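What follows is a set of notes on a single structure, which appears directly below.
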Amino acid sequence: MTTKSARVRFAPSPTGYLHVGGARTALFDWLLARKTGGQFILRIEDTDRKRYVPDSLDDIEEHLRWLGLQWDEGPDVGGPYGPYFQSERLEHYRRAAEELIAKGWAYRCYCTPERLEQSRQERQKRGEPPGYDRRCRFMSDEERAELEAQGAPYVVRLKVPLEGETVVHDLIRGEIRFENKTLEDVVLLKSDGYPTYHLAVVVDDHLMQITHVLRGDEWIPSAPIHVMLYEALGWEQPQWVHLPLILDPSGKGKLSKRKKKNPDGTESETMTLVREFREAGYLPEAMFNFIALLGWAYSGDEEIFTPEQAIQKFDLKDIKKSPAVFSYEKLEWMNGVYIRKLSPEDLAERIVPFMQKAGLNVTAEQLVPLVPDIQERIKTLAEAPGMLDFFFRDIETPAPEALIPKKMDAEKTRHALEAARATLANVEWEHDAIETALRQLAKDLGLKAGQLFQPIRIAITGKRVAPPLFTTIEHLGRERVLERLDRAIATLANA
RNA sequence: GCCCCCAUCGUCUAGAGGACUAGGACACCACCCUUUCAAGGUGGAGACAGGGGUUCGAAUCCCCUUGGGGGCACCA
């Protein structure tokens with residue numbers, strides 16, 4: 001199914017930051033190109049001057065690269081089919097529009113936005129479909145000549161046949177049929193001379209020799225328009241591949257930025273931008289793996305894979321038809337899997353920025369010995385500072401209640417900590433020696449391990465939940481351990 | 001309203017007419033391990049939306065119903 005080399009493009013518009021839906025499309029494009037030895041092209045669809053967001057292009061490029069999706073042609077890298085910004089290709093669209101008019105496949109429409117809006121409302125009131133009423137399509141020659149002579153502003157609209165049907169051959173859905181009478185005379189060229197998506201995408205995909213158009217399912221309704229344009233212009237169609245939608249975790253509706261109610265009644269925003277996942281401490285390799293599984297699977301039981309393995313296995317026929325719910329829980333699990341795979345050095349380096357953001361000025365070298373203890377405890381990099389902060393800044397002396405374990409009182413706890421302090425003051429400062437000494441101490445005191453260890457843990461880390469005790473003691477160093485124990489003992493004495 | 005798409009555990013999926021007592025993963029529950037929390041191990045609960053066909057035989061093919069979703073801009 002995917003043997004010949006494919007030329008595919010990811011064509012975002014610079015109106016917002018890269019979101020997971022776009023990333024998924026780009027990822028599939030990239031996989032197909034790599035799989036077939038073809039090209040992955042980045043094309044910027046900047047034809048809406050009103051919605052332009054200046055730094056969105058940087059964000060899109062940065063995060064495509066973050067995911068490892070380098071393009072072969074496009075901004076920065078150039079290529080033989082440029083320019084890759086649609087705003088620099090207006091001449092192509094204008095020419096295509098002229099050709100369509102000449103062939104009787106399009107016409108100039110002089111209707112003002114106001115009239116369109118008014119007509120829309122009237123039709124709605126009458127219970128008719130809300131589309132354009134085709135006034136200018138059936139305008140008299142005299143009227144048309146007059147408006148033309150006046151130099152009235154116009155748009156170019158497609159002259160959709162009033163009868164018959166148009167068939168879209170979708171690679172994963174088969175034939176999709178549309179009755180032409182249900183289709184609209186869409187705008188092809190806006191009055192400012194810029195093309196709409198419909199015209200631009202067809203012209204550029206043809207000129208850039210795109211072989212496969214991968215895009216979201218939400219484009220299916222306009223696919224017949226594009227098919228018509230290919231036919232009208234006498235061009236060969238690309239393969240149409242409409243990807244299943246990505247649904248919100250609720251399963252209702254497209255994944256999009258919106259407020260979500262938490263079980264506890266608070267509201268939080270759904271994460272949808274790739275940059276947000278990055279900032280939340282997700283690894284690019286985990287994101288790649290997870291996003292690849294959004295609407296694609298090659299096997300029922302292999303779901304952790306490298307980009308190379310994905311390329312090897314990728315086949316358009318394995319793309320699902322049904323929409324996929326975005327599961328944050330599964331992503332989190334998968335991120336944990338990838339975190340556990342990292343070497344301590346690698347993990348340490350990736351954690352550094354998160355430590356700094358938390359106000360902890362540390363180096364990767366300092367982190368390396370500490371990282372193995374939290375590696376299987378964190379699911380995102382952003383959780384690291386909360387587990388390691390006590391190594392790098394002083395802690396508040398815990399409250400007495402926090403220090404006292406179940407079935408013990410302040411007095412007993414204090415005695416235990418004093419004994420521990422005495423033991424730790426003299427023990428050889430090495431993990432196994434510390435463990436042996438403290439275990440023996442618990443036995444001597446007639447305490448269960450937890451009854452001794454938990455107060456020590458809280459005294460030296462300030463946390464109820466912390467990394468394993470003996471390595472923590474070792475890495476914290478004798479001086480700080482004794483000092484923190486002293487403070488805890490003092491607090492208990494005053495309780 | 002009109003057009004279009006989709007339908008296996010809560011979620012992602014395996015399944016391409018007989019190998020299905022419907023397999024795996026996340027999440028969930030229990031137990032084990034254990035200094036907390038994790039990680040890991042073992043086990044458990046949990047699905048073919050409904051109805052008609054086709055066929056010796058249907059989760060798999062066809063039709064209808066239902067349900068869910070998407071689209072109807074001088075936005076992409």
Side-chain angles (χ1 to χ4, degrees), chain A residues 11-16 45-48 50-51 109 111-113 116-117 120 124 127-132 153-157 168 170 173 176-179 181-184 186-198 200-201 215-224 242 244-245 247 249 251-254 290 293-304 317 320-334 336-337 340 373-379 387 435 438-439 442 448-454 456-458 461 463-470 472:
Chain A
S13 70
T15 53
E45 311 224 323
D46 54 347
T47 56
D48 186 345
K50 296 184 224 54
R51 296 201 306 154
C109 168
C111 293
T112 61
L116 257 23
E117 182 51 38
R120 232 193 308 272
Q124 211 159 41
E128 287 172 31
Y132 176 54
Y154 63 87
V155 300
V156 175
R157 285 182 185 273
V168 177
D170 185 273
R173 278 160 229 279
I176 309 172
R177 317 184 86 89
F178 296 84
E179 287 198 66
K181 67 178 179 213
T182 66
L183 269 21
E184 264 207 80
V186 296
V187 172
L188 263 19
L189 207 60
K190 305 181 219 177
S191 55
D192 64 1
Y194 278 65
T196 61
Y197 172 81
H198 304 299
V201 75
R215 64 194 356 176
D217 202 319
E218 72 267 26
W219 285 107
I220 291 179
S222 47
H242 289 97
L245 250 25
L247 265 29
K252 299 199 178 299
K254 286 202 289 185
F290 184 76
L293 253 10
L294 254 22
W296 175 68
Y298 63 87
S299 146
D301 38 45
E302 274 178 72
E303 47 184 7
I304 301 289
K317 78 168 168 49
K320 307 302 127 194
K321 288 180 177 169
S322 50
V325 170
F326 191 99
S327 168
Y328 290 89
E329 276 140 21
K330 188 145 185 177
L331 202 215
E332 197 168 73
W333 163 78
M334 192 172 280
V337 170
R340 277 171 249 135
D373 278 345
I374 65 161
Q375 188 152 19
E376 57 192 30
R377 294 177 164 73
I378 56 173
K379 292 209 161 56
M387 302 198 75
E435 172 163 8
L438 286 179
R439 284 194 190 282
K448 287 190 181 173
Q451 287 179 305
L452 176 62
F453 298 165
Q454 191 62 5
I456 298 176
R457 181 196 323 285
I458 293 169
T461 68
K463 296 177 199 302
R464 184 154 224 93
V465 173
L469 188 59
F470 310 118
T472 298

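Keep in mind that this is a model prediction, so the values were computed, not measured. Chain naming here is simple, since letters A, B, ... match the order of the sequence lines and numbering starts at 1 in each.
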Side-chain N or O of [X] closer than 4.0 Å to phosphate OP1/OP2 of [N]:
X        : N      : value
A/Arg340 : B/rG40 : yes
A/Lys252 : B/rG68 : no
A/Arg157 : B/rC74 : yes
A/Lys379 : B/rA39 : yes
A/Lys254 : B/rG71 : yes
A/Ser322 : B/rC5  : no

Which heavy atom in [X] sits nearest to a heavy atom in [Y], and how many Å separate them?
X        : Y        : value
A/Thr47  : A/Pro195 : CB-O, 3.5 Å
A/Pro467 : A/Arg457 : O-NH1, 3.6 Å
A/His242 : A/Gly216 : CD2-O, 3.6 Å
A/Leu188 : A/Arg157 : CD2-C, 4.0 Å
A/Asp48  : A/Lys190 : CA-NZ, 3.9 Å
A/Val168 : A/Pro224 : CG2-N, 3.7 Å

Between [N] atom [atom2] and [X] atom [atom1], what is the distance in whole Å?
X        : N      : atom1 : atom2 : result
A/Trp219 : B/rC3  : CH2   : C1'   : 16 Å
A/His198 : B/rG71 : NE2   : P     : 13 Å
A/Phe326 : B/rC26 : CZ    : C1'   : 13 Å
A/Asp170 : B/rC4  : CG    : P     : 15 Å
A/Met334 : B/rU13 : CE    : P     : 12 Å
A/Leu331 : B/rC12 : CG    : P     : 15 Å
A/Leu245 : B/rG71 : CG    : P     : 7 Å

Under 4.0 Å, counting only non-hydrogen atoms across every strand here, what does [X] touch: a base, just sugar-phosphate, or nothing?
X        : answer
A/Val155 : base
A/Pro113 : base
A/Ser222 : nothing
A/Cys109 : nothing
A/Lys448 : nothing
A/Pro224 : nothing
A/Lys463 : nothing

Choose from [options] the nucleotide whose nearest atom is closest to any side-chain atom of [X].
X        : options                : result
A/Asp48  : B/rU11, B/rA76, B/rG24 : B/rA76
A/Glu376 : B/rA38, B/rC26, B/rU11 : B/rA38
A/Arg51  : B/rG70, B/rG40, B/rC75 : B/rC75
A/Lys190 : B/rC74, B/rU13, B/rA25 : B/rC74
A/Arg120 : B/rC12, B/rC74, B/rC5  : B/rC74
A/Ala324 : B/rC74, B/rU13, B/rC4  : B/rU13
A/Val465 : B/rC5, B/rC37, B/rG40  : B/rC37
A/Glu184 : B/rA76, B/rA73, B/rC6  : B/rA73
A/Lys321 : B/rC75, B/rC6, B/rG69  : B/rC6

Between [N] and [M], how far apart are the two [atom1] atoms, rounded to whole Å?
N      : M      : atom1 : answer
B/rU42 : B/rG24 : P     : 12 Å
B/rA25 : B/rA47 : C1'   : 15 Å
B/rC26 : B/rA14 : C1'   : 15 Å
B/rC62 : B/rU55 : C1'   : 12 Å

I'd like a table of donor-acceptor pairs (distance under 3.5 Å, sequence neighbours excluded) in which one partner is a side-chain atom from residues 320-327 of chain A, with atom names and distances.
unit_1	atom_1	unit_2	atom_2	d
A/Lys320	NZ	A/Asp318	O	3.0
A/Ser327	OG	A/Lys330	N	3.1

List in chain and number order the residues that pass ring-ring contact (aromatic ring centres under 6.0 Å, His included) with A/Tyr132, two or more places apart in sequence or in another chain; answer none if no residue qualifies. none
Could you list the residues that satisfy ring-ring contact (aromatic ring centres under 6.0 Å, His included) with A/Phe453, not counting sequence neighbours? A/Phe470
With the side chain counted from C-beta on, respond yes when A/Arg377 and A/Val465 share a heavy-atom pair under 4.5 Å apart, and no when they do not. no
5' priority, RNA chain B, between A/Gly295 and A/Thr182 [closest heavy atom]: A/Thr182
Pick the nucleotide of RNA chain B nearest each of A/Ile220 and A/Leu247; which residue has the one closer to the 5' end? A/Ile220
Enumerate the protein-to-nucleotides 45-49 of chain B contacts in which both atoms are nitrogen or oxygen and the separation is below 3.5 Å.
none

Across all chains, not counting sequence neighbours, the side-chain contact (heavy atoms from CB on, under 4.5 Å) partners of A/Pro14 are A/Ile44, A/Asp46, A/Tyr52, A/Ser56
Only pairs with both distances under 3.5 Å count, Watson-Crick or wobble alike; so what is the partner of B/rA27 in this structure? none
Under 3.5 Å donor-acceptor, A/Thr15 side chain and A/Arg51 backbone: no
Closer than 3.5 angstrom, by distance alone: can the side chain of A/Glu303 be matched with the main-chain N or O of A/Phe290 as a donor-acceptor pair? no
Base [N] to side chain [X], donor-acceptor N/O within 3.5 Å cut-off:
X        : N      : result
A/Lys330 : B/rA25 : yes
A/Arg377 : B/rC37 : yes
A/Ser327 : B/rC12 : no

What are the atom names and distances for every N/O pair under 3.5 Å that joins the protein to nucleotides 32-35 of chain B?
unit_1	atom_1	unit_2	atom_2	d
B/rU35	OP1	A/Arg439	NH1	3.0
B/rU35	OP1	A/Arg439	NH2	3.0
B/rU35	O2'	A/Arg457	NH2	3.2
B/rU35	O2	A/Arg457	NH1	3.3
B/rU35	O2	A/Arg457	NH2	2.4
B/rU35	N3	A/Leu469	N	3.4

